[in-house]
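Take a look at the structure set out below.
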Amino acid sequence: MSRPTRGWWRTGLGVMLTGLMLFPVYWMINVSFTRDQDMRKSPPHLFPIDGTLDGYRAVLGQQLPYVGTSLVVGLGTVLLTLALAAPAGYALAKLRPPGGGAIRFVLLIAQMIPGIIMAMGFYAIYLNLGVLNTVPGLILADSTIAVPFAVLIFTAFMSGIPDDLIQAALVDGANRLRTFWSVVLPVSRNAIVTVSLFAFLWAWSDFVFASTLAGGGGHRPITLGIYQYIGNNNQQWNAIMATAVVASIPTTLLLVLAQRYVAAGVTAGAVKD
């Protein structure tokens, strides 16, 4: 088989596999425009024939507060994660405290704890503190998922920063805090973007913490807002899928804008010079 033919064959296979993986996304969009009476047609319509915007009208009329709550929780989780994980990663990478290896091992173990177990623990604590069904409580809970991963990413990335760069800042009179803020953070842009993206995605898509810690309050995220369309005898599938489409837009934009930074951030520390 010639090289050009082999190249077309690989391209065709890649396009076919990509189409299979993206078909659920297309079907979500298709159903979001489908009328209720056409949902159970057999065979189903591959295109939204006689489409309707009722699902999107429901989103604009009912779901925007949930989207706003998810944005606040997602951005709050990002800020709290960065505030905790960046200094911790710098300390493990450059200050090398005693027991640093054990700390990294504990961070790995922390990521293996099932979310529902953590949610039950948070519920008991929040009940005593009176912070159930609050946005700050949800931000704190979501951050516990993101922080261990973020510390490991920052540690791996900052380990690759030349020690000479940090020593030069110290010789010029900068203290450790000034060196971290003015030297280490600016060159850690890829890690910051990577951590921010994953922290936002975890908070945006969280359902376990949201249903356990904020299910009875007035500030519920979009993952719970979708559930108001699901009942025992009625499922508004076009509204459900329209909500899913709208909820996918912010994360899709973030992934498109941040993909090149993420590729560099997640591979940090994998190759030694």
Side-chain angles (χ1 to χ4, degrees), residues 22 24-25 28 59 63-90 107-108 110-116 118-119 122 131 133-158 185-215 217 219-227 242-268:
L22 292 180
V25 177
M28 176 179 69
V59 172
Q63 296 293 326
L64 290 184
Y66 300 107
V67 173
T69 299
S70 287
L71 285 174
V72 172
V73 172
L75 294 176
T77 300
V78 169
L79 293 176
L80 182 57
T81 299
L82 292 176
L84 296 176
Y90 173 66
L107 291 173
L108 285 172
Q111 297 182 81
M112 302 178 187
I113 302 175
I116 188 61
M118 298 177 63
F122 273 119
V131 292
N133 303 316
T134 63
V135 170
L138 199 53
I139 290 174
L140 178 61
D142 287 332
S143 298
T144 60
I145 301 294
V147 166
F149 169 82
V151 173
L152 295 175
I153 289 292
F154 275 121
T155 301
F157 190 92
M158 292 177 180
L185 283 184
V187 300
S188 301
R189 179 182 60 180
N190 291 339
I192 292 173
V193 173
T194 301
V195 166
S196 300
L197 178 63
F198 279 97
F200 184 86
L201 291 178
W202 278 325
W204 184 266
S205 61
D206 168 63
F207 179 78
V208 174
F209 286 148
S211 60
T212 306
L213 306 176
H219 301 287
R220 289 179 289 178
I222 190 64
T223 49
L224 296 185
I226 295 176
Y227 261 58
T243 304
V245 170
V246 172
S248 300
I249 293 175
T251 54
T252 302
L253 292 176
L254 287 175
L255 286 170
V256 170
L257 294 175
Q259 58 180 337
R260 66 190 183 98
Y261 301 105
V262 173
V266 297
T267 57

(request) Give the minimum heavy-atom separation between Ala150 and Ala85, together with the two atoms involved. (result) CB-CB, 3.4 Å
(request) Start with the C-alpha distance between Met118 and Thr144, add both sets of side-chain angles, then the distance that settles side-chain contact (heavy atoms from CB on, under 4.5 Å), and finish with yes or no. (result) CA-CA 9 Å; Met118 298 177 63; Thr144 60; 3.2 Å; yes
(request) First locate atom OG1 of Thr223, then atom CZ of Phe209, and finally report the distance between them rounded to the nearest 0.5 Å. (result) 12.0 Å
(request) List the atom of Ala203, the atom of Thr77, and the distance in Å for their closest heavy-atom pair. (result) CB-OG1, 3.6 Å
(request) Work out which heavy atom in Thr81 is nearest to a heavy atom in Ala146; give both atom names and the distance. (result) OG1-CB, 3.6 Å
(request) Could you walk me through whether Leu224 and Ser211 pass side-chain contact (heavy atoms from CB on, under 4.5 Å), step by step? (result) CA-CA 7 Å; Leu224 296 185; Ser211 60; 3.9 Å; yes
(request) With Val135 as reference, evaluate Val131, Ile139, Asn133, Leu138 under the side-chain contact (heavy atoms from CB on, under 4.5 Å) test and give the passing residue. (result) Ile139
(message) So Leu80 and Ser143, do their side chains get closer than 4.5 Å, heavy atoms only?
(response) yes
(message) So which atom in Gly225 and which in Gln63 form the shortest heavy-atom distance, rounded to 0.1 Å?
(response) O-NE2, 3.1 Å
(request) State, yes or no, whether a side-chain contact exists between Gln111 and Leu152 at a heavy-atom distance under 4.5 Å. (result) yes
(message) Looking at Thr212 and Ala119, would you say the former's side chain and the latter's main chain have a donor-acceptor pair under 3.5 Å?
(response) no
(message) For a quick test of reading the model, state the closest non-hydrogen atom pair linking Ser196 to Leu82 and the distance between them.
(response) OG-CD1, 3.5 Å
(request) Find the distance between CG (Leu79) and CG (Leu84) and round it off to the nearest 0.5 Å. (result) 11.0 Å
(message) Rounded to the nearest 0.5 Å, what separates atom CG in Leu254 from atom CD1 in Ile249?
(response) 12.0 Å
(request) To the nearest 0.5 Å, tell me how far Phe122 CZ sits from Asp142 CG. (result) 9.0 Å
(request) Check Trp204, Phe198, Trp202 against Phe200 for a ring-ring contact (aromatic ring centres under 6.0 Å, His included) and give me the one that passes. (result) Trp204
(request) Over all heavy atoms of both residues, which pair between Met158 and Gly89 is shortest? Give the atoms and the distance, please. (result) SD-C, 3.9 Å
(request) Tell me, with the steps shown, if Tyr66 and Thr243 meet side-chain contact (heavy atoms from CB on, under 4.5 Å). (result) CA-CA 10 Å; Tyr66 300 107; Thr243 304; over 6 Å; no
(request) Start with the C-alpha gap between Thr69 and Arg220, add the side-chain angles, then the distance that decides, and say whether side-chain contact (heavy atoms from CB on, under 4.5 Å) holds. (result) CA-CA 6 Å; Thr69 299; Arg220 289 179 289 178; 5.8 Å; no
(request) Using a 4.5 Å cut-off on heavy atoms from C-beta on, say whether the side chain of Thr194 contacts that of Phe157. (result) no
